[in-house]
Protein chains: 2
Amino acid sequence: MLQQSLPVQPNSASSEASVSSESARPFLTWQRILDWAQEHYRCRPFSKDEKIPARPGLLYLVQRGAVRMVGVAQVSATSRSARATNTTAEEAFLGFVGAGQPFEIVAQSPFTLHSYAHVDQTSVVWMYWHDLDNWPHFRREVLDAFRYQHQRKLLWLSTLGQRRTIDRLLGFLTLLIEEYGEPAEQGYCLPWTLTHAQIGSAIGSTRVTVTRLMGKLRQRGLIHTQDDNLICLPGDITLRR
Amino acid sequence: MLQQSLPVQPNSASSEASVSSESARPFLTWQRILDWAQEHYRCRPFSKDEKIPARPGLLYLVQRGAVRMVGVAQVSATSRSARATNTTAEEAFLGFVGAGQPFEIVAQSPFTLHSYAHVDQTSVVWMYWHDLDNWPHFRREVLDAFRYQHQRKLLWLSTLGQRRTIDRLLGFLTLLIEEYGEPAEQGYCLPWTLTHAQIGSAIGSTRVTVTRLMGKLRQRGLIHTQDDNLICLPGDITLRR
């Protein structure tokens, strides 16, 4: 949703959901870029959980589906020898990039960023920044989208600063559903599944704890699930401001 | 350091420290913007911990000193009545904005963002985005700076996804010092103090736990402090990639 302008509107769950389809993008520029990408072999589909071989210096656009960003920590407070033998690096779920949104990856120690297709038939277009010289207005949209993503990450950091894991969990789910939620029978639902392990990796907790706390939130009526384990917020929570 | 281009270089602690002074900014544009800000009363100094009354829709530039970004959570998993009587909202430290860097605040529930002068004599310039129509190259620099800040926040989220608090603490300090650290006798030091309560608020922990874990990290030689309680990393940690 590159065309979405800052500042973000209140009631964003509803307003964002309504523009989340690809059709909301100004048709001409987007279609021209897709044509250009096809012509130059800069477009590829990925299947669920397939790694997208994103490189620093390139710009990526999600054409269809959703991309999952993941961070891997190389820093640990344990001794170096112990770390060297530890083959399971901690992966953190860093959020989604939806259709029409850009992403980029800047390789950087002591943490590295990776991107995966979160759903089947995720299609990604890539280009160099200078390729955007042909579409200056579109470049502006891309840069504004990164401004927007940056603001969302600040909100995300706000909830991860909360001491109690259950507060971090509810804040995390609220932010995700506020941004990506789609209207459902009761409230708003995240359109993609997310495992409890993935949620735990985002909020500094474990799969087991997330499962337990999700049960608590469900009991209190603060969340519910629908269909294939999609996480939902009741409407009055999303809209309570 | 708006002129800093992505992707971020390795060894950024040293390279960034070397360009962190205001003198590194291309002199002419920056001086013209400062002159314009003075003329139009769009510039103000703040004293330590003074709140900067930033509004959505405006763009802010740190001319001198450092700004501290803070997020306040309005969401809690406790019952609503309990929350209503709870007058101490949780504040999370979200990072610094150094001299030459832009920031903006998009008011947004269920979390709100605030900015404070982190040190005395912090000076901030503000403008509307359309004011940048006069300086298109500078606008590009500002937008690239937000791209850079966004990438840094993704790394920050990577460490906050780590399960053990001591790992989150070390990752957090490493990222801060990598970005803002200045060369010191042994390694790199954060040029500003940060209380243990502020650190705790960033990593989802408490002042007491941070104090205890800082002691552990110090014992293991992973951090040390200098002068007025400035936090430092030994050089080999910052540069270990």
Side-chain angles (χ1 to χ4, degrees), chain A residues 6-8 10 12 56-57 69 71-73 75-77 79 90-95 104 106-111 113 140 143-144 146-147 149-151 153-164 166-171 174-175 200-206 216-217 220 222 240-241, chain B residues 6-8 10 12 56-57 69 71-73 75-77 79 90-95 104 106-111 113 140 143-144 146-147 149-151 153-164 166-171 174-175 200-206 216-217 220 222 240-241:
Chain A
L6 289 166
V8 175
S12 49
M69 302 293 287
V72 180
V75 159
S76 154
S79 73
E90 260 187 292
E91 284 206 350
F93 170 66
L94 304 183
E104 64 179 344
V106 177
Q108 205 166 14
S109 294
F111 299 93
L113 304 178
R140 180 77 187 273
L143 290 168
D144 281 343
F146 282 129
R147 267 174 74 205
Q149 291 183 15
H150 175 228
Q151 287 281 322
K153 290 315 180 201
L154 289 179
L155 299 177
W156 191 327
L157 286 173
S158 301
T159 193
L160 295 194
Q162 292 181 282
R163 286 178 203 172
R164 296 190 311 158
I166 195 166
D167 289 339
R168 294 203 297 271
L169 175 60
L170 182 60
T174 302
L175 287 174
S201 80
I203 64 170
S205 187
T206 63
K216 268 199 185 176
L217 292 178
R220 294 183 195 171
L222 294 168
R240 187 185 67 215
R241 285 154 200 286
Chain B
L6 289 164
V8 175
S12 47
M69 302 294 286
V72 181
V75 159
S76 155
S79 72
E90 261 187 290
E91 284 206 349
F93 170 67
L94 304 183
E104 63 179 346
V106 178
Q108 205 166 14
S109 293
F111 298 94
L113 305 179
R140 180 78 188 274
L143 290 169
D144 281 343
F146 283 129
R147 267 175 74 206
Q149 290 183 15
H150 175 228
Q151 287 282 323
K153 290 314 180 202
L154 289 179
L155 301 178
W156 191 326
L157 286 173
S158 302
T159 192
L160 295 195
Q162 291 180 283
R163 287 178 202 171
R164 296 190 311 158
I166 196 167
D167 289 339
R168 293 203 297 272
L169 175 61
L170 183 60
T174 303
L175 287 174
S201 80
I203 64 170
S205 186
T206 63
K216 268 199 186 176
L217 292 178
R220 295 183 195 168
L222 294 168
R240 188 185 66 216
R241 284 154 202 284

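Residue numbering restarts at 1 for every chain, and letters A, B, ... go by the order of the sequence lines. These numbers were taken from a predicted model, which means no experiment stands behind them.
- With a threshold of 4.5 angstrom between heavy atoms, Ile203(B) approaches chain A through N, CA, C or O but not through any side-chain atom.
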Check your understanding: Could you walk me through whether Val106(B) and Arg147(A) pass the side-chain contact (heavy atoms from CB on, under 4.5 Å) check?
Key -> CA-CA 10 Å; Val106(B) 178; Arg147(A) 267 174 74 205; 6.0 Å; no
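- Heavy-atom pairs under 4.5 Å with chain B were tallied for Thr159(A), Val72(A), Leu157(A); the largest tally goes to Leu157(A).
- The minimum heavy-atom distance between Leu170(B) and Thr174(B), with the atom names listed, is O-OG1, 2.6 Å.
- Comparing Ser158(B), Ala92(B), Gly200(B) by how many heavy-atom pairs each has under 4.5 Å with chain A, the most go to Ser158(B).
- For Ser201(A) against Phe93(A), the heavy-atom pair with the smallest separation is OG-N, 2.9 Å.
- With a 4.5 Å cut-off on non-hydrogen atoms, Ser205(B) touches chain A through its backbone but not through its side chain.
- Taking each heavy atom of Lys153(B) and Leu94(B) in turn, the nearest pair found is NZ-O, 2.6 Å.
- What you find for Ile166(B) and Arg220(B) is that their closest heavy atoms are CD1-NH1, 4.0 Å.
- Of the atoms belonging to Leu175(B), it is side-chain heavy atoms, and not backbone ones, that fall under 4.5 Å from chain A.
- Arg163(A) is linked by a side chain to side chain donor-acceptor pair (under 3.5 Å) to nothing, counting only residues two or more places apart in sequence or in another chain.
- Of the residues considered (Leu155(A), Thr206(A), Leu169(A)), Leu155(A) shows the highest number of contacts with chain B, using heavy-atom pairs under 4.5 Å.
- Of the residues considered (His150(A), Lys216(A), Arg164(A), Arg168(A)), His150(A) shows the highest number of contacts with chain B, using heavy-atom pairs under 4.5 Å.
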